[in-house]
2 protein chains.
Amino acid sequence: MSLNNQTELAIIEAARKIFISKGYSGTTMEKIATEANVSKASLHYYYRSKDKLFEIVLSEVREIIQEKLILIIKSEDNIEVIIKKINDVYVETLINHPYLPNFIINEISSNPEKIVKILLGDKLSTFTILRMMVIIRNKTFKGNKDVVNSYDLILNVISLNVFPFLIRPIIKNIFKIEDEQFNSYMNNRKSGLSTFLFKALKQ
Amino acid sequence: MSLNNQTELAIIEAARKIFISKGYSGTTMEKIATEANVSKASLHYYYRSKDKLFEIVLSEVREIIQEKLILIIKSEDNIEVIIKKINDVYVETLINHPYLPNFIINEISSNPEKIVKILLGDKLSTFTILRMMVIIRNKTFKGNKDVVNSYDLILNVISLNVFPFLIRPIIKNIFKIEDEQFNSYMNNRKSGLSTFLFKALKQ
DNA sequence: GTCTATAGCGGGATAGAC
DNA sequence: GTCTATCCCGCTATAGAC
């Protein structure tokens with residue numbers, strides 16, 4: 001068995017697509033096989049079990065998010081620019097991967113220990129890095145040290161960016177809009193969100 | 001068949017408990033039957049199908065949330081007091097019903113049309129009421145009309161309150177804390193959150 | 001009304017031919 | 001390597017005794 005052959009790749013691509021849109025229990029080996037144009041037996045041949053396949057997909061997801069955030073954090077920008085960039089990256093990533101947040105939240109609640117371990121990784125986690133960075137940045141941002149602590153700040157930024165995508169069907173229903181308009185709304189919201197956050201940070 | 005007899009109630013209570021903690025697909029009729037101390041056949045006798053049972057539980061959930069929010073909105077308080085009360089109600093409700101947010105988000109993503117219809121109801125929805133109220137309140141709140149519009153304000157308040165509960169396993173892992181400490185953290189966060197929101201609202 | 005037994009099906013996994 | 005056929009379990013739902 002050679003690594004990265006056509007069949008292997010087709011299976012992973014199909015698995016990614018279906019796991020992320022349907023969740024673990026909504027996904028069947030049959031559906032993945034059909035999507036990849038192979039038989040169910042091939043799935044087991046290459047990846048042994050549904051669980052194993054799922055773990056690979058979930059790890060990929062972690063990498064997508066981790067890479068983008070680390071890029072921002074490594075920059076030498078001040079806290080305001082960093083927040084603005086985080087808003088941009090979240091909205092962009094979530095518009096391109098609309099099912100990601102629901103996928104992660106669903107899996108977190110159905111199997112917390114396993115999912116948290118895969119998402120946060122064994123080494124230095126995305127969240128730990130983010131946290132450390134904001135502590136450092138905070139020191140150079142005048143007067144806000146006692147107003148919002150850095151843990152809360154990160155939690156607030158992520159909450160404000162991710163939650164609307166989680167309840168997208170509700171938002172679409174209330175405003176009677178479609179996906180395209182929802183995406184525009186989220187894009188337009190970015191600048192207001194940055195302003196909102198900056199003001200909250202000021203003494 | 002008389003309404004509200006013992007068996008009927010036991011089944012609904014068991015169904016509520018298991019559906020909310022395990023989600024639709026994580027729940028089996030067997031588990032509900034065991035929890036209620038009756039046979040599977042009785043479940044079907046009273047409620048015909050798993051789907052029917054689920055719809056009843058979901059409608060109950062909507063009522064819990066709706067009641068609390070309407071109470072707040074009906075009051076004559078100004079926008080700052082209303083926001084403070086909403087923060088209080090959300091944190092209190094979510095501490096008492098820890099699985100509620102995950103349950104709703106899970107079901108939204110697995111069957112959006114159906115869930116949104118049940119959650120928002122056929123008549124005047126919770127969200128519509130909230131929205132209208134904030135529009136009115138905004139008019140009496142000096143100078144913030146162009147800063148944050150009322151839709152965004154509501155979305156922000158709900159995001160900031162609900163999202164941390166959704167990622168509780170991650171937060172617990174990062175801070176190495178247990179449920180009790182998580183609840184304290186969310187309780188302590190309330191006042192900071194109100195301050196955060198007020199400042200963002202000021203011109 | 002409540003139970004036991006079972007029908008019927010969908011899904012993960014494997015055996016074995018090619 | 002890839003397929004078809006099949007095993008076997010778990011689940012919803014129903015039949016029928018009491």
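Between B/Q6 atom CD and C/dT2 atom P the separation is 10 Å, expressed in whole Å. Rounded to whole Å, the distance from CG on A/L43 to P on D/dT4 is 13 Å. For the pair B/K52 NZ and D/dA13 C1', the computed distance is 17 Å after rounding to whole Å. Atom CZ in B/F54 sits about 13 Å away from atom P in D/dT12, given to the nearest Å. Here the C1' atom of nucleotide D/dT2 and the CD1 atom of A/I11 are 10 Å apart, to the nearest Å.
For the pair B/I105/B/V162, no side-chain contact is recorded, criterion being any heavy-atom separation below 4.5 Å from C-beta on.
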Extract from the structure each pairing of a protein N or O with an N or O of nucleotides 11-15 of chain C at less than 3.5 Å, listing the distance.
from, atom 1, to, atom 2, distance (Å)
C/dG12, OP1, A/T27, O, 3.4
C/dG12, OP1, A/K50, NZ, 3.0
C/dG12, OP2, A/M29, N, 2.7
C/dA13, OP2, A/K50, N, 2.9
C/dA13, N6, A/K40, NZ, 3.2

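Using a 4.0 Å cut-off, some side-chain N or O of B/S42 falls inside it from OP1 or OP2 of C/dC3. Taking side-chain N and O atoms only, B/Y46 has a distance below 4.0 Å to OP1 or OP2 of C/dT2. Contact check, B/Y45 against C/dT2: no side-chain N or O comes under 4.0 Å of OP1 or OP2.
A/F103 has its ring centre no less than 6.0 Å from the ring centre of A/F19.
By the 6.0 Å and 45° rule, B/K50 stacks over the aromatic ring of B/Y24.
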> Does the pair A/F182 and A/F175 meet the rule for a ring-ring contact (aromatic ring centres under 6.0 Å, His included), with working shown?
Replying inline: CA-CA 9 Å; A/F182 175 84; A/F175 292 109; 9.3 Å; no
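Annotation: B/K17, atom NZ; neighbour count of heavy atoms from other residues, nucleotides and ligands within 6.0 Å does not exceed 12.
One finds no salt bridge joining B/D88 and B/K68 here, because no Lys/Arg side-chain nitrogen approaches an Asp/Glu carboxylate oxygen to under 4.0 Å.
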